[in-house]
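None of the values given here were measured: they were computed from a predicted structure.
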Amino acid sequence: MLYPDFDDLVALGDQKLLLKHPSSRSVNSVISGNYCSSFRGQGLEFDSVREYVPGDDIRNIDWRVTARTGSPHLKLFKEEKERHILLCVDMNATMRFGTRNTFKSVQAARAAALLGWSGIAQQDRVSACFYGDVLGGIQFLPPKLTRKSFCSLLKILAEPPSEKHRISLKEAALRVSQSAHTGSLVYFISDFMDIPKNFSQESNLSWLSKKCNVVFVAINDPADQKIEPMGSIGFRGSELEKIYINTESLLGRRSYAALWEERQKLLQEIAISFKIPIV
């Protein structure tokens, strides 16, 4: 399958698979929801106790602490707010590659659909950032809260590319860092094959990981890791140019595998440095 099947992506919403999205930061949304906010107010989760000040709502007096201390004390609560999930999906031409059943682009779309449907089921608002062969190179989709509206987002994932662009993960991460709301949950879905050594600094990843929950979802094909000896193999590039690779070359296969190891090591170092989980 060259492109994701729209009906397949929609059907994933009926699997009743409720994924547990990570959350370690307070949410700064202005809309009520299911997650703790950094704002204090009348909510469902107890936060702390302080002394009563004239004008406070007497309904929130903590009578046990008041009796113990001899002075009136007030219960404070953390206000529940809605969480925003941002799906950042790599749609570059390099993702349209695969040697086992499907292409990486199809698997990335399925992962985005599963994460999105799970968020919708938990009443989260789900938005997306598609980068690569999309309109303008980087396309932001507004938050969706209903199944019908989320399907319009999935439809873009399933469409063949209308434009050709080469947008790096670094560029996409920089744009996301400028747009993501504090407390958002940001999923980067990519093969992470183009991470430069200065990725952390130039992509604002440090700042983004401090204000948002960031998760890396790695989509890789076995042929990304190593090339099996299969003689001369022909490949076609995005400009329809052809190149032939002699996969019998032991030196070439070792160099290819070493490059994979180098990229994976760099990805792990970045993830550990900023406490970003990798799926």
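Note: Lys144 NZ to Ile120 CD1 = 10.0 Å, rounded to the nearest 0.5 Å. Here the CD1 atom belonging to Ile233 is positioned 11.0 Å from the CD atom belonging to Glu228, to the nearest 0.5 angstrom. For the atom pair CZ of Phe192 and CZ of Phe199, the computed distance is 7.5 Å after rounding to the nearest 0.5 Å. Summarising the geometry, atom SG belonging to Cys129 is positioned 6.5 Å from atom CG belonging to Leu86; distances are rounded to the nearest 0.5 Å. Rounded to the nearest 0.5 Å, atoms CD (Gln123) and OG1 (Thr146) are 12.0 Å apart. Here the CD1 atom belonging to Ile227 is positioned 10.0 Å from the CG atom belonging to Asp224, to the nearest 0.5 angstrom.
No side-chain heavy atom of Asp124 sits less than 4.5 Å from a side-chain heavy atom of His84. Between Ile189 and Leu115 the shortest side-chain heavy-atom distance falls below 4.5 Å. Residues Gln178 and Arg175 have side chains in contact (heavy-atom distance under 4.5 Å, counting atoms from C-beta outward). No side-chain heavy atom of Leu87 sits less than 4.5 Å from a side-chain heavy atom of Leu141. In this structure the side chain of Tyr52 never reaches within 4.5 angstrom of the side chain of Ser71, judged on heavy atoms. Looking at heavy atoms from C-beta onward, Arg110 lies in side-chain contact with Asp8 at the 4.5 angstrom threshold. Two residues are said to be in side-chain contact when any heavy atoms from C-beta on lie closer than 4.5 Å; Val217 and Phe188 fail this criterion. Between Val176 and Val186 there is a side-chain heavy-atom pair separated by less than 4.5 Å.
For CG of Asn101, the number of neighbouring non-hydrogen atoms (other residues, nucleotides, ligands) closer than 6.0 Å is 12 at most. No more than 12 heavy atoms of other residues, nucleotides or ligands lie within 6.0 Å of OH in Tyr244, so this atom counts as exposed by the packing criterion.
Between Gly98 and Asp221, the closest heavy-atom pair is CA-OD1, 3.4 Å. Closest of all the heavy-atom pairs between Leu153 and Ser127 is CD1-C, 4.2 Å. What you find for Ile138 and Ala172 is that their closest heavy atoms are CD1-CA, 4.3 Å. The minimum heavy-atom distance linking Leu157 with Met91 is given by the pair CD2-SD, 3.9 Å. Considering every non-hydrogen atom in both Pro4 and Leu9, the closest pair reads CB-CD1, 4.1 Å. Nearest heavy-atom pair, Asn204 versus Ser177, reported as atom, atom and distance to 0.1 Å: CB-OG, 3.3 Å.
Taking the charged nitrogens against the carboxylate oxygens, Asp62 and Arg64 have no contact shorter than 4.0 Å, which rules out a salt bridge. Using a 4.0 Å cut-off between a side-chain N of Lys or Arg and a carboxylate O of Asp or Glu, Asp194 and Arg166 qualify as a salt bridge.
A donor and an acceptor atom, one from each side chain of Ser149 and Ser152, are nowhere located under 3.5 Å apart. A side-chain donor-acceptor contact under 3.5 Å links Ser118 and Gln122.
Ser209 places a side-chain N or O within donor-acceptor distance of the main-chain N or O of Leu205, the cut-off being under 3.5 Å. Side chain of Asp133 to backbone of His165: a donor-acceptor contact under 3.5 angstrom is found. Formation of a donor-acceptor pair under 3.5 Å by the Ser184 side chain with backbone atoms of Ala180 is not found in this model. The main-chain N or O of Asn60 is never found under 3.5 Å from a side-chain atom of Asp57 such that the two would form a donor-acceptor pair.
Following chains of ILVMFWY side-chain contacts shorter than 4.5 Å, one can reach Val279 starting from Val89, so the two form part of one hydrophobic cluster. The hydrophobic cluster containing Leu135 does not contain Phe140, counting ILVMFWY residues as joined when their side-chain heavy atoms lie under 4.5 angstrom apart, directly or transitively. Note: the hydrophobic cluster containing Val126 also contains Phe6 (ILVMFWY, side chain heavy atoms under 4.5 Å, direct or indirect links). Note: the hydrophobic cluster containing Met95 does not contain Phe235 (ILVMFWY, side chain heavy atoms under 4.5 Å, direct or indirect links). Placement of Ile272 and Ile270 in two distinct hydrophobic clusters is found when ILVMFWY residues are connected by side-chain heavy-atom separations under 4.5 Å, directly or transitively.
Aromatic rings from Phe103 and Phe97 are positioned such that their centres are separated by 6.0 Å or more.
A perpendicular orientation is assigned to the rings of Phe150 and Trp117, their planes being inclined by more than 60° (bins at 30° and 60°).
Scanning for side chain to side chain donor-acceptor pair (under 3.5 Å) contacts around His181 gives an empty result, with sequence neighbours left out.
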Inset, instruction - Would you please test Leu267 and Phe216 for side-chain contact (heavy atoms from CB on, under 4.5 Å) and show each step? - result: CA-CA 9 Å; Leu267 180 62; Phe216 289 160; 3.6 Å; yes
Inset, instruction - Using the side-chain contact (heavy atoms from CB on, under 4.5 Å) rule, take Val134 and Glu163 through it: C-alpha gap first, then chi angles, then the decisive distance, then the call. - result: CA-CA 6 Å; Val134 295; Glu163 298 181 7; over 6 Å; no
Legend entry - Leu169 and Tyr131: CA distance, side-chain angles, deciding distance, side-chain contact (heavy atoms from CB on, under 4.5 Å) verdict: CA-CA 8 Å; Leu169 177 66; Tyr131 67 98; 3.3 Å; yes
Side-chain donor-acceptor pairs under 3.5 Å in residues 250-266, sequence neighbours left out?
residue: Arg253; atom: NH1; partner: Thr247; partner atom: O; Å: 2.9
residue: Arg253; atom: NH1; partner: Glu248; partner atom: O; Å: 3.3
residue: Ser255; atom: OG; partner: Leu251; partner atom: O; Å: 3.0
residue: Tyr256; atom: OH; partner: Ala223; partner atom: O; Å: 2.8
residue: Arg263; atom: NE; partner: Met193; partner atom: O; Å: 2.9
residue: Arg263; atom: NH2; partner: Met193; partner atom: O; Å: 3.4

